[in-house]
Amino acid sequence: MAAYKKFIFILVLHLAFTFNVIAEDEINLFKGKYIDFWELKTKVDFLSFSITEPSLHGIIKGNNKEKIGFQIDSTYFQFKNLVEKASHPVRFLNGRLLLPRELVESIFIHLMENEVAYRFTEEKLFFNVYGNYQVKPEKIKLTTVVLDPGHGGDKPGAISVFGDPEKNYTLSVSKTVGEILKKKFPELNIVFTRTNDSDVSLEGRGWLANQNLKESNDVIFISIHANSTSIRTETAKGYEIYYLDQNAKKMEDRERTIISLRLVDIKRPVVVQKIHSGMVSSLVQRRSKSLAESVEKKLADTIGARIASRGVKRGPFRVLFKSLMPAILVEVGFLTNPEDARLIADENIQIKIAMGIVEGIKEYVKREYK
């Protein structure tokens, strides 16, 4: 049980794209030791309990037909054949069922079909429950998000240790990101560089992304990939986020493209156009780094316990160079690593990856659009 104490997500098989994320709930710990069951039930209303007299044996049930048994004034509780020992005994005082932390963790882990994220502090329990929970749609100071599923068609990308092509994973994760973005930010325009198993050139992806700049400058570009290594080793693993490795020549080329696409006022003198295009290029580079940092941070929250972060890096990726807005490339893990590959193939982990990217976008907007 100790392995779960810091942070955990409960995987569920029935989740698709029917959920929104509710705001983080919190409950004060009674005497720094206990959670009042009735307070927990106000947040998670499908929980129930019963106590049998005179034995004072109790049962807690969730929404998945499982149950946890406990004894009032005992530190032991049981799930199926697993007996656990809590740090404090269960109490029943003035009609209040007081549960130690370990038993609450067991409820989250064993009794809920929904996906749960939680953490304890010395005074409070904070948690999110994901499922068929509705929240008011949010607004965001972005016009468009361009989602770029890597590879496609006759360019399969990396091949996983299980024989599956990268292009399938990138499309699946990208579509999930789009679904969540549209639910969370209904007014946001979501553009895909591909929505099926088609081959789109790197220039074509950049061109498609740049068309959106004609309507608004509030556009970002996210290319989704899965990593691999030519050396068949299990040591290379983890996700990483890239932004463009800029140099003087690339900056000059980008500035010329900005001018040619009339993203600056071409009625102004040439020298002014060059200055303006340089300012735009510098802003794009800085915001790309900010976007990469925000997404890396939020992915650490959603999948960091399963797929470790390799950090934010610069990369010479052509698809980033061709995109004239803040742009990042997300490598969700190594398909040549058995554990990473297994997780990336898991639809529930894909949902977590998508959630991290969405929350990273929200974090980026908070940082850059104050």
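The figures that follow rest on heavy atoms only: side chains count, while hydrogens, waters and symmetry mates do not. Bear in mind the structure is a predicted one, so any value in this text is a computation, not a measurement.
Between the side chains of Tyr239 and Asn227, no donor N or O sits under 3.5 Å from an acceptor N or O. Checked by atom type, the side-chain pair Arg367/Ser294 shows a donor-acceptor distance below 3.5 Å.
Atom OH of Tyr76 is surrounded by 12 or fewer heavy atoms from other residues, nucleotides or ligands within 6.0 Å. Within 6.0 Å of NZ in Lys289 there are 12 or fewer heavy atoms belonging to other residues, nucleotides or ligands. Around the NZ atom of Lys366, the shell of radius 6.0 Å holds no more than 12 heavy atoms that belong to other residues, nucleotides or ligands. Heavy-atom neighbours of Glu187 CD from other residues, nucleotides or ligands within 6.0 Å: at or below the threshold of 12. Within a 6.0 Å radius of CD in Glu339, more than 12 heavy atoms belonging to other residues, nucleotides or ligands are found.
Leu111 and Phe46 fall within a single hydrophobic cluster, where Ile, Leu, Val, Met, Phe, Trp and Tyr side chains are chained together by heavy-atom contacts under 4.5 Å. Note on Val83 and Ile109: separate hydrophobic clusters, where clusters join Ile, Leu, Val, Met, Phe, Trp and Tyr whose side-chain heavy atoms are under 4.5 Å apart, directly or indirectly. Side-chain heavy atoms closer than 4.5 Å link hydrophobic residues (I, L, V, M, F, W, Y) into clusters, and following such links, possibly through other members, connects Ile60 to Leu56. Tyr169 and Leu171 fall into different hydrophobic clusters, where Ile, Leu, Val, Met, Phe, Trp and Tyr side chains are chained together by heavy-atom contacts under 4.5 Å.
How far CD of Glu84 is from CD1 of Ile68: 9.5 Å, rounded to the nearest 0.5 Å. To the nearest 0.5 Å, atoms CZ (Phe221) and CG (Leu213) are separated by 11.5 Å. With values rounded to the nearest 0.5 angstrom, Phe317 atom CZ is found 5.5 Å from Glu331 atom CD. For the atom pair Asp154 CG and Asp199 CG, the distance stands at 5.0 Å (nearest 0.5 Å).
When each of His225, Arg194, His151 is tested with Thr170 by the rule side chain to side chain donor-acceptor pair (under 3.5 Å), just one qualifies, namely Arg194. Just one of Val177, Ile140, Leu188 meets the side-chain contact (heavy atoms from CB on, under 4.5 Å) condition when paired with Val145; it is Leu188.
Salt bridge annotation for Arg286-Glu368: present, with a cationic side-chain nitrogen under 4.0 angstrom from a carboxylate oxygen. A salt bridge is defined here as a Lys NZ or Arg NE, NH1 or NH2 lying under 4.0 Å from an Asp or Glu carboxylate O, and Glu363 with Lys297 meets this definition. With respect to Asp340 and Lys237, no salt bridge is recorded, no charged nitrogen being found less than 4.0 Å from a carboxylate O. One finds no salt bridge joining Lys183 and Glu179 here, because no Lys/Arg side-chain nitrogen approaches an Asp/Glu carboxylate oxygen to under 4.0 Å. A salt bridge between Lys80 and Glu66 is present, with a side-chain N of the basic residue lying under 4.0 Å from a carboxylate O of the acidic one. Between Asp197 and Lys167, at least one side-chain N (NZ, or NE/NH1/NH2) sits under 4.0 Å from a carboxylate O, which counts as a salt bridge.
Under the 3.5 Å distance criterion, the side-chain polar atoms of Lys175 are matched with a main-chain donor or acceptor of Thr195. Looking only at distances, a side-chain donor or acceptor of Thr336 sits under 3.5 Å from a matching main-chain atom of Thr229. Although no hydrogens or angles enter the test, the distance criterion places no donor-acceptor pair under 3.5 Å between the side chain of Thr52 and the main chain of Ser55. A side-chain donor-acceptor contact under 3.5 Å links Lys41 to the backbone of Leu47. In this structure, the side chain of Ser216 does not engage the main chain of Asn212 through any donor-acceptor pair within 3.5 Å. A distance-only check finds a donor-acceptor pair linking the side chain of Arg205 to the backbone of Val200 [under 3.5 Å]. No donor-acceptor pair closer than 3.5 Å links the side chain of Gln78 to the backbone N or O of Phe70. At least one donor-acceptor pair under 3.5 Å links the side chain of Ser288 to the backbone N or O of Ala327.
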Q | Chi angles and distances behind the side chain to side chain contact (heavy atoms under 4.5 Å, CB included) call for Ile107, Leu99 | A | CA-CA 10 Å; Ile107 290 172; Leu99 306 177; 3.8 Å; yes
Q: Dump the intermediate steps for side chain to side chain donor-acceptor pair (under 3.5 Å) on Gln350 and Thr176, then the final yes or no.
A: CA-CA 8 Å; Gln350 290 182 19; Thr176 306; 4.9 Å; no
(Q) Using the rule given for salt bridge (charged side-chain N to carboxylate O under 4.0 Å, His left out), can you reason through Glu359 versus Lys298, listing the C-alpha separation, both sets of side-chain angles and the distance that settles it, and then say yes or no? (A) CA-CA 6 Å; Glu359 290 301 313; Lys298 293 302 181 179; 5.4 Å; no
**Q.** Worked check of salt bridge (charged side-chain N to carboxylate O under 4.0 Å, His left out) between Asp73 and Arg91
**A.** CA-CA 6 Å; Asp73 296 329; Arg91 298 297 191 192; 2.7 Å; yes
Q) Which is it for Leu98 and Leu93 under the side chain to side chain contact (heavy atoms under 4.5 Å, CB included) test, yes or no, and what are the steps along the way? A) CA-CA 8 Å; Leu98 302 178; Leu93 301 175; 3.9 Å; yes
Q: Could you walk me through whether Ser160 and Glu166 pass the side chain to side chain donor-acceptor pair (under 3.5 Å) test, one step at a time?
A: CA-CA 7 Å; Ser160 83; Glu166 177 185 355; over 6 Å; no
Q.
Applying salt bridge (charged side-chain N to carboxylate O under 4.0 Å, His left out) to Glu102 and Lys85, what does each step give before you reach the verdict?
A. CA-CA 8 Å; Glu102 294 86 353; Lys85 187 176 188 298; over 6 Å; no
Side-chain donor/acceptor pairs under 3.5 Å, residues 33-40, sequence neighbours excluded:
{"residue": "Tyr34", "atom": "OH", "partner": "Pro89", "partner atom": "O", "Å": "2.8"}
{"residue": "Asp36", "atom": "OD1", "partner": "Trp38", "partner atom": "N", "Å": "2.9"}
{"residue": "Asp36", "atom": "OD2", "partner": "Arg96", "partner atom": "NE", "Å": "2.8"}
{"residue": "Asp36", "atom": "OD2", "partner": "Arg96", "partner atom": "NH2", "Å": "3.3"}
{"residue": "Trp38", "atom": "NE1", "partner": "Gly95", "partner atom": "O", "Å": "3.2"}

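Cation-pi geometry between Arg342 and Phe334 is not met at under 6.0 angstrom from the ring centre and within 45 degrees of the axis.
Ring-centre distance between Phe108 and Phe127: below the 6.0 Å cut-off.
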